[in-house]
Amino acid sequence: MTGAVEQVTTQLFIGGKWRDAEGGKTLTVDNPASGKALATVADASPADGVAALAAAAAAQADWARTPPRDRGEILRSAFELITQRADHFAELMTLEMGKPLAESKGEVTYGAEFFRWFSEEAVRISGRWSTAPNGVTRLVTMKAPVGPTLMITPWNFPLAMGTRKIGPAIAAGCTMVVKPAAETPLTMLALAQLLEEVGLPAGVLNVVTTSDSGGVMEPLIRDPRTRKLTFTGSTAVGRKLVEQSADQLLRLSMELGGNAPFIVFQDADVDAAVDGAMLAKMRNIGEACTAANRFLVHVDVAQEFGDKLAQRMGAMVVGNGLDDGVTVGPLINAKAVDKVAALVRDAAERGSKVVCGGEPGDGEGFFYPPTVLTGVPADADLVREEIFGPVAAIQTFTDEQDAIDRANSTEYGLASYFYTRDLSRTIRVSEGLEYGMVGVNQGIISNPAAPFGGVKASGYGREGGFEGIEEYLETKYVGLAL
Ligand code: NAP
């Protein structure tokens, strides 16, 4: 155990109290850099989950009446305290998730910013007044919090995937039950401690950690006290949760998987494209829903782009994310390494050239080296599936419309990227890409002030931006006769 872990309360947080799971059950959290146990945390039962929802439901009415300024101030104080404790949060994330410390610090900045952004939005919730077309009635709209919300978050961004749901919910006046991924519960527990410290009233935020996500969450999704479910994770689990929520017609936000194209046109600044590719591919060890999954490069610049990318990726330092100089941490678990290895094997067997990397590490921990593949055929599995690892798969094209069509030929539609110096092309391609987000001449697209989200099998709903708070608000219309 290290200091960062010892400071975390590892119980359930329900109704403002920290308590053990029913029967004192615990689950073990591993460090992916060593494969060894890092901590144990409470392992909630379905009854614990129901207790958390009961606490959220009991707190809802008072919380909805709490002045927006007060709700905003809590978020603002939390933003400041997270920033003060950046080193603590960063170390926790590196320990439980694996990313290099510098990247964890980047996530602290990014994650905290959702609290600052929504602290400012809390006091801007408003409706409108208008005259009906017949001139006789007046139309008034007002906003109300949706109500108790279930939040399910993934392991890849343990802080930010939480704050971008919790921030707008607090700002809007919703109470919540948060269930972080079993691989990375420590960051969320530390965040709950911090929110308690800055004065979030009891019951507004409840956190359940469990090894039985399905068993604990399904009864809550079907419970009439729940009004909304917000989920970030895989499309397969998202589909299941949408089905479970159908009976109650819950409000839903679904932030699901991606298969991002990264297109480099012949008029691109190739060096800038390589810089962008390093971010779009290697941020978070490639374990990001926004990660570039398919590089589509014009034949005229393909050799130069591939050589430069392989040179940069091959020079990265793989190791424990806490060690100085390490730029690539471990993947989350052994299953993730096996999946990435199988995808690379399949692509190689179908004729791709492995330019660098390509073999998993054989020591302790779950390491896979940065890998560049060229000449990847369209039928390789990794062209269809999310790689979720440090593997860049390069294909070539000659025609702009063909590049757009190939970029769109996936069930997913989350992030996309392209590089060009031609303004008309910028507009044509931006309009042609069937994605929720398009990065032009930039390899990173996430921004708390922008609406993050996807189309097609990448889900629906937006997090961040002005849109983010709307997901937690209902619109009520009042008709006034004169
Ligand atoms: P996952 O397996 O779908 O898990 C996500 C969350 O759902 C975890 O908390 C998990 O808990 C929980 N879960 C799993 N099965 C469940 C069930 N039957 N009922 C209720 N909850 C359940 O995804 P992941 O592997 O953690 O995360 C990677 C995926 O997330 C990728 O597909 C990635 O693209 C996507 N992602 C999307 C976004 C976005 O904004 N669009 C952002 C980040 C990640 P346990 O793991 O503890 O069971």
Side-chain angles (χ1 to χ4, degrees), residues 27-30 32 41 43-44 46 49 96-97 99 107 110-111 114 150-165 177-188 207-222 226 229-245 253-260 283-293 331-333 335-336 339-340 385-389 410-415 435-437 445-448 450-464 468 471:
L27 69 91
T28 303
V29 182
D30 292 334
V41 304
D43 188 357
E96 64 178 350
M97 184 272 168
K99 72 183 85 181
E107 183 176 344
Y110 171 58
F114 284 102
L150 304 179
M151 303 181 170
I152 302 178
T153 57
W155 50 263
N156 61 343
F157 292 97
L159 182 70
M161 297 302 99
T163 56
R164 74 182 190 182
K165 298 183 188 307
V177 176
V178 183
K179 192 214 75 66
E183 280 101 340
T184 58
L186 298 171
T187 304
M188 184 58 69
V207 179
V208 289
T209 49
T210 181
S211 60
D212 179 18
S213 304
V216 170
M217 296 313 287
E218 185 169 354
L220 306 191
I221 292 169
R222 297 186 186 281
T226 299
L229 166 65
T230 170
F231 171 74
T232 299
S234 61
T235 296
V237 173
R239 285 198 170 105
K240 208 187 294 183
L241 300 180
V242 171
E243 277 176 31
Q244 291 174 10
S245 66
S253 303
M254 290 280 143
E255 300 286 352
L256 308 179
N259 181 355
R283 175 172 174 249
N284 225 43
I285 324 160
E287 296 172 313
C289 52
T290 50
N293 211 59
L331 298 185
I332 189 69
N333 53 33
K335 208 169 125 204
K339 184 192 157 197
V340 171
E385 290 179 34
E386 239 182 338
I387 302 169
F388 240 60
T410 167
E411 65 167 335
Y412 296 104
L414 190 63
Y435 285 82
M437 298 177 284
I445 194 136
S446 306
N447 189 320
F452 186 106
V455 298
K456 297 162 68 181
S458 293
Y460 35 77
R462 293 294 179 268
E463 293 190 319
E471 303 275 325

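Every value quoted in this text rests on a predicted model; they were computed, and no experiment measured them. Just so you know, ligand 1 is whichever comes first in the structure, and atom 1 is the first atom listed for that ligand. The basis for the numbers below is simple: all heavy atoms, side chains too, and nothing from hydrogens, waters or symmetry mates.
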Legend entry - Basic-acidic side-chain contact under 4.0 Å: E243, R239: no
Inset, instruction - Report yes or no: does E386 contribute a side-chain atom to a donor-acceptor pair with the main-chain N or O of N259 at less than 3.5 Å? - result: no
Inset, instruction - Mark yes or no for whether Q244, through its side chain, and R222, through its backbone, hold a donor-acceptor pair below 3.5 Å. - result: no
Legend entry - Check: S211 main-chain N/O paired with D43 side-chain donor or acceptor under 3.5 Å: yes
Inset, instruction - Could you check atom 8 (C) of ligand 1 against the protein and tell me its nearest heavy-atom contact, residue, atom and distance included? - result: T153 O, 3.3 Å
Legend entry - R164 NZ/CZ over F452 ring centroid, <6.0 Å and within 45° of normal: yes
Inset, instruction - Compute the minimum heavy-atom distance from E463 to ligand 1 and say whether it is under 4.0 Å. - result: no
Legend entry - Closest protein heavy atom (residue, atom, distance) for atom 18 (N) of ligand 1: G214 CA, 3.8 Å
Legend entry - atom 12 (C) of ligand 1 - nearest protein heavy atom and its distance: I152 CG2, 3.6 Å
Inset, instruction - Look only at interatomic distance and state if T210 has a nitrogen or oxygen under 3.5 Å from any nitrogen or oxygen of ligand 1. - result: no
Legend entry - Non-hydrogen atoms of S458 and G257 that approach each other most closely: OG-O, 2.6 Å
Legend entry - Numbered atoms and elements of ligand 1 in range of M161, under 4.0 angstrom, heavy atoms: 42 (C), 43 (C)
Legend entry - Check: A182 N/O within less than 3.5 Å of ligand 1 N/O: yes
Legend entry - W155 N/O under 3.5 Å from ligand 1 N/O: yes
Inset, instruction - Run the salt-bridge test on K165 and E463 with the 4.0 Å N-O cut-off and return the result as yes or no. - result: yes
Inset, instruction - Starting from atom 13 (N) of ligand 1, locate the nearest protein heavy atom and write down its residue, its atom name and how far away it is, to 0.1 Å. - result: S213 CB, 3.8 Å
Legend entry - Proximity winner for atom 5 (C) of ligand 1, if only heavy atoms of T232, V237, N156 are counted: T232
Inset, instruction - Using a distance threshold of 4.0 Å (strictly less than), state whether atom 3 (O) of ligand 1 has a protein heavy-atom neighbour. - result: yes
Inset, instruction - Decide, yes or no, whether a salt bridge links K99 with E287 under the criterion of side-chain N to carboxylate O below 4.0 Å. - result: no
Inset, instruction - Using atom types as modelled and distance alone, determine if a side-chain donor or acceptor of E96 lies under 3.5 Å from a backbone N or O of V29. - result: no
Legend entry - N293 side-chain N/O to E385 backbone N/O, donor-acceptor pair under 3.5 Å: yes
Inset, instruction - Name the closest protein heavy atom to atom 36 (N) of ligand 1, giving the residue it belongs to and the distance to 0.1 Å. - result: C289 CB, 3.5 Å
Legend entry - Numbered atoms and elements of ligand 1 in range of L414, under 4.0 angstrom, heavy atoms: 41 (N)
Inset, instruction - Mark yes or no for whether T232, through its side chain, and M161, through its backbone, hold a donor-acceptor pair below 3.5 Å. - result: no
Inset, instruction - Among all protein heavy atoms, pick out the one at the shortest distance from atom 41 (N) of ligand 1; state its residue, atom name and that distance to 0.1 Å. - result: L256 O, 2.8 Å
Inset, instruction - Search all heavy atoms of V208 against all heavy atoms of G49 and return the closest pair with its distance. - result: CG1-CA, 4.4 Å
Inset, instruction - Would you mind telling me if ligand 1 is within reach of the side chain of E183, the backbone, both or neither, using heavy atoms under 4.0 Å? - result: side chain
Legend entry - Neighbour count above 12 (heavy atom, 6.0 Å) for K456 NZ: yes
Legend entry - Residue F452 vicinity, atoms of ligand 1 by number, heavy atom under 4.0 Å: 39 (C), 40 (O)
Inset, instruction - For R164 and ligand 1, answer yes if some heavy atom of the residue is under 4.0 Å from a ligand atom, otherwise no. - result: yes
Legend entry - Minimum non-hydrogen distance to atom 29 (C) of ligand 1, winning option of P185, P154, G233, A260: G233
Inset, instruction - Check if L241 has a non-hydrogen atom at a distance under 4.0 Å from any atom of ligand 1. - result: yes
Inset, instruction - Run the contact test for F388 against ligand 1 with a 4.0 Å cut-off on heavy atoms, strictly below, and give the result. - result: yes
Inset, instruction - Quick one: look at F231 and ligand 1, take heavy-atom pairs under 4.0 Å, and tell me if it's side chain, backbone, both or neither. - result: side chain
Legend entry - From N156 atom CG to I285 atom CD1, the distance as rounded to the nearest 0.5 Å: 10.0 Å
Legend entry - Structural part of E287 in contact with ligand 1, heavy atom criterion under 4.0 angstrom: neither
Inset, instruction - Give the residue, atom name and distance (to 0.1 Å) of the protein heavy atom nearest atom 1 (P) of ligand 1. - result: S234 OG, 3.6 Å
Inset, instruction - Check each of M151, E386, K179 against atom 11 (O) of ligand 1 and report the one with the nearest heavy atom. - result: K179
